[in-house]
2 protein chains.
Amino acid sequence: MAKPNHIPDRVSNPLSCFTCQSRNRSEWCMLSDDDVALLDGAKVTKTYRPGQIIFAQGDLCKGIYCIESGVIALRKTDAGGNSVLVRLAHSGQALGYRAYFAREEYAASAEALKPSTVCFIEASVLSGLLKHNPTLGLKFLEHLAQDLANAEETVLRNVSLPVRIRLAHLLLTLKDRYGSVNDEGNIVISLPMKRQDVAALLGARPETLARTIHALETDKVASFSARQVMIPDLDNLLDEIDPAGI
Amino acid sequence: MAKPNHIPDRVSNPLSCFTCQSRNRSEWCMLSDDDVALLDGAKVTKTYRPGQIIFAQGDLCKGIYCIESGVIALRKTDAGGNSVLVRLAHSGQALGYRAYFAREEYAASAEALKPSTVCFIEASVLSGLLKHNPTLGLKFLEHLAQDLANAEETVLRNVSLPVRIRLAHLLLTLKDRYGSVNDEGNIVISLPMKRQDVAALLGARPETLARTIHALETDKVASFSARQVMIPDLDNLLDEIDPAGI
DNA sequence: CGGGGGTTTGAGTCCGTTCAAAATACGTGG
DNA sequence: CCACGTATTTTGAACGGACTCAAACCCCCG
């Protein structure tokens, strides 16, 4: 009677919202102690292993999720089976709020890329908090507005820039979260996903990505091995994005 | 001392928010009479002729706009001069709320495509209304969430569908707002924009659009003349989008 | 040590782009 | 209302980036 692998583990003794470090970096940071207590009592915490699905595109939205730790990919697929990776979500970020506020079904699937702990907050609890706390709504407004800016930026980049430059842009943003500097002073990025997903994030095929990676290595801009990216000189990468160096 | 053409006309005797038909179709529909009075007293109404700019990408956001009548294009341009048309906005819709809620500069320019009347509401007035009316914030949350869904849908379509099918999709949505049926029972769409803008909406070059239009005409799906599109049989258009007819 | 998913490579094709020129529509002033 | 100049749209030819399909290669894991 082993548990099927696709069922996440319910955490029986989860972290309290009061001590949750992620909360301070999230939209919940301004809640009163009473409201945090409410949140804490209502949340359901689960853990997901890489590949497990938190919610699937088309599912009814019954609340929103909050990532305590881990990395989640939001993947969107069309009728023809084509798919893109909309974005990555990290600890402290909410999940599923778009569908919640639009009163729609999920327009994307959420899949754990790393072992992740995620709390679920039911719609009724959330709507209570929102009525109670006007600034909570404003936080979500800010978040959605920035998501929208990112999405529109992506539209523009996808139609106007070749894959090579889009990849350079992506490495630059991944560097901030997943980058470090090694002994030789090179920037090293530990990618949280496989090649397929990097391609899906760029709106390109895996084959195209492989070729583009090869080209960047030939030009000494970056070297890739498994999920490690080494960038010997950041200026070279920046030159990709802005050849003129303006 | 004629007024320069790029300066919009300030309307000295504008329509009251109480009688504004557009308000009922907008996020403002649920305001109390007191709040409508506040809005009415604070708004500044201007008219714009085709080509005039309501706000420009990079400008500081000092409030939001509300379209009383007309058609506005939101255009986004990158450093290299590439640009896409993000969306069209119509009477009853707000403008510039993304920048307002994200506390950012405008990420796109708003340009009148048709003669348009637009009201401006200052940030201080708006923030007062938002504090006062939690449901106003929820309305904007819903709007932003739907905008985000559209933007992500656009990302997916742009990377996975050819221009021809994207154009078919576009015609289908334009039909709802700009379409009518003529004497012979054909659907006729009066495009509110020039070819360049249709291309920018598809994320394609004008030349590509011209060729694609030619192809659709050859296949008897639609015929284009100036800004009129005639669709003799809607099924043909639907077949473009879903060739299998599933 | 043998699968099997993921990645890479190769060859060929297609779609969309670029650049240039011709045709057409448009607005403006006479 | 027509003529003119300008902007837009269309057409053509050639190029190129990304895709498809297919096979080989590689890990990684059982």
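Chain letters run A, B, ... following the sequence lines, proteins first, then strands; residues in each count from 1. We use all heavy atoms of the structure for the numbers below, so side chains are in, but hydrogens, waters and symmetry mates are not.
- More than 12 non-hydrogen atoms from other residues, nucleotides or ligands lie less than 6.0 angstrom from NZ of B:Lys76.
- Contacts between residues 79-89 of chain A and DNA chain D, defined by a heavy-atom separation under 4.0 Å, are absent.
- As rounded to whole Å, 15 Å separates atom C1' of C:dG6 from atom CZ of A:Arg205.
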Interface polar pairs with nucleotides 7-17 of chain D, N/O, under 3.5 angstrom:
{"unit_1": "D:dT8", "atom_1": "OP1", "unit_2": "B:Lys194", "atom_2": "NZ", "d": "3.0"}
{"unit_1": "D:dT9", "atom_1": "OP1", "unit_2": "B:Arg195", "atom_2": "N", "d": "2.6"}
{"unit_1": "D:dT9", "atom_1": "OP2", "unit_2": "B:Gln196", "atom_2": "N", "d": "3.2"}
{"unit_1": "D:dT10", "atom_1": "OP1", "unit_2": "B:Arg195", "atom_2": "NE", "d": "3.2"}
{"unit_1": "D:dT10", "atom_1": "OP1", "unit_2": "B:Arg195", "atom_2": "NH2", "d": "3.3"}
{"unit_1": "D:dT10", "atom_1": "OP2", "unit_2": "B:Arg195", "atom_2": "NE", "d": "3.2"}
{"unit_1": "D:dG12", "atom_1": "N7", "unit_2": "B:Arg211", "atom_2": "NH1", "d": "3.0"}
{"unit_1": "D:dG12", "atom_1": "O6", "unit_2": "B:Arg211", "atom_2": "NH2", "d": "3.0"}
{"unit_1": "D:dA13", "atom_1": "N6", "unit_2": "B:Arg211", "atom_2": "NH2", "d": "3.2"}

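- Contact of the B:Val181 side chain with the B:Val188 side chain is not registered, since no non-hydrogen atoms from C-beta on lie closer than 4.5 Å.
- With hydrogens and angles left out, the side-chain atoms of B:Asn150 and B:Arg87 include no donor and acceptor closer than 3.5 Å.
- By the 4.0 Å N-to-carboxylate-O rule, A:Asp78 lies too far from B:Arg157 to be salt-bridged with it.
- Distance CD (B:Gln228) to P (C:dA25): 14 Å, rounded to an integer number of Å.
- Tested against A:Ile165, the residues A:Leu167, A:Val163, A:Leu161 include a single side chain to side chain contact (heavy atoms under 4.5 Å, CB included) partner, A:Leu161.
- The residue A:Ala226 sits apart from the nucleic acid: no heavy atom pair falls under 4.0 Å.
- As a whole-Å value, the separation of B:Leu191 CG from C:dA25 P is 16 Å.
- With B:Phe55 as reference, B:Tyr106 is the one residue of B:Tyr106, B:Tyr48, B:Tyr100 to meet the ring-ring contact (aromatic ring centres under 6.0 Å, His included) rule.
- Under the 4.0 Å criterion applied to side-chain N and carboxylate O atoms, A:Asp233 and A:Lys220 are not assigned as salt-bridge partners.
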List the steps, then state whether side chain to side chain donor-acceptor pair (under 3.5 Å) holds for B:Glu68 with B:Ser91. CA-CA 5 Å; B:Glu68 194 216 295; B:Ser91 64; over 6 Å; no

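- The closest side-chain heavy-atom distance from A:Val221 to A:Ile231 is not below 4.5 Å.
- A salt bridge links B:Glu104 with B:Arg98: at least one charged nitrogen is closer than 4.0 Å to a carboxylate oxygen.
- Summary for the helix from C:dC1-D:dG30 to C:dG30-D:dC1: the axes at its two ends, each from 5 pairs, differ by 50° when rounded to the nearest 10 degrees.
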